[in-house]
Amino acid sequence: MNRARDWLEQAEYNLRHAQASLGLGDYAWACFAAQQAAEAALKGLHLAHGQVAWGHSILDLLTTLPANLNVPDDLVDAGKILDKYYIPTRYPDAHPAGPAARHYVAREAEEAVRLAAQVLEFARSHV
């Protein structure tokens with residue numbers, strides 16, 4: 001259980017980093033850090049339920065949780081959105097031109113932070 005709690009604690013740090021990046025206007029990085037927060041939270045949740053989870057897809061991490069956790073549909077939708085921030089937020093060749101940082105706006109980052117917080121809350125409530 002301690003390792004599960006370590007993952008949740010890391011998720012909290014990642015979410016704080018996302019919030020700070022949002023405040024700095026670094027929207028691409030806020031989106032990525034939010035995705036990382038959700039990923040860490042779900043890996044902790046898997047560990048708390050005796051599973052080892054690999055990979056980076058929030059959607060996959062949600063849909064492979066034990067059935068008794070009853071993952072809400074809106075959380076599955078959140079996973080689909082957050083998955084889009086794993087790669088293109090970091091690489092300048094993921095967009096038609098220019099660095100990734102020029103391709104994200106406050107609204108996206110705010111949503112990513114909000115969705116990651118929801119995932120983290122779900123994980124906390126089931127650990």
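- D83 places a side-chain N or O within donor-acceptor distance of the main-chain N or O of I58, the cut-off being under 3.5 Å.
- Contact detail for A4 and G44: the closest heavy-atom pair is CB-O, 3.3 Å.
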For F122 and L65, what are the C-alpha separation, side-chain angles and deciding distance, and is it a side chain to side chain contact (heavy atoms under 4.5 Å, CB included)? CA-CA 12 Å; F122 178 80; L65 285 166; 4.1 Å; yes
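- A heavy-atom distance below 4.5 Å is found between the side chains of Q118 and L115.
- With K43 contributing its side chain and H56 its backbone, the two residues share no donor-acceptor pair below 3.5 Å.
- Annotation for A28 and A100: closest pair CB-O, 4.0 Å, computed over non-hydrogen atoms.
- In this structure, E121 pairs ionically with R124, as a charged nitrogen and a carboxylate oxygen lie closer than 4.0 Å.
- Nearest heavy atoms, A18 versus A34: CB-N, 3.6 Å.
- By the 4.5 Å heavy-atom criterion applied to side chains, R107 and Y27 are not counted as neighbours.
- Hydrophobic cluster membership differs between L15 and Y13, with clusters built from Ile, Leu, Val, Met, Phe, Trp and Tyr side chains linked at under 4.5 angstrom.
- L82 contributes atom CG, which lies 10.0 Å from atom NZ of K84 (distance to the nearest 0.5 angstrom).
- Considering all non-hydrogen atoms of both residues, L61 and A53 come closest at CD2-CB, 3.4 Å.
- For N68, the CG atom sits in a packed shell: over 12 heavy atoms of surrounding residues, nucleotides or ligands are nearer than 6.0 Å.
- Side-chain contact between E111 and R114 is present, with at least one heavy-atom pair separated by less than 4.5 Å.
- Rounding to the nearest 0.5 Å gives a distance of 10.5 Å between NZ of K80 and CG of L62.
- A side-chain donor from one of E39 and Q36 sits under 3.5 Å from a side-chain acceptor of the other.
- Between atom CH2 of residue W54 and atom NE2 of residue H46 there is a gap of 13.0 Å, rounded to the nearest 0.5 Å.
- Cluster membership check: V119 shares its hydrophobic cluster with V127, using side-chain heavy-atom separations under 4.5 Å among Ile, Leu, Val, Met, Phe, Trp and Tyr.
- Atom-to-atom distance recorded for N14:CG and L120:CG is 9.5 Å, nearest 0.5 angstrom.
- For H103 against A97, the heavy-atom pair with the smallest separation is NE2-O, 2.6 Å.
- When every heavy atom of A41 is checked against every heavy atom of L8, the shortest pair comes out as O-CD2, 3.6 Å.
- In this structure, CG in L42 is found 11.5 Å from CD in Q51, a value given to the nearest 0.5 Å.
- Note: the hydrophobic cluster containing L69 does not contain L47 (ILVMFWY, side chain heavy atoms under 4.5 Å, direct or indirect links).
- Y91 and Y104 fall into different hydrophobic clusters, defined by Ile, Leu, Val, Met, Phe, Trp and Tyr side-chain heavy atoms under 4.5 Å apart, directly or through other members.
- Under 3.5 Å, the side chains of D6 and Q10 contain no donor-acceptor pair of N or O atoms.
- Interatomic distance, CD of Q35 versus CZ of R90, reported as 8.0 Å (0.5 Å rounding).
- Residues V76 and Y85 share a single hydrophobic cluster, defined by chaining ILVMFWY side chains whose heavy atoms lie under 4.5 Å apart.
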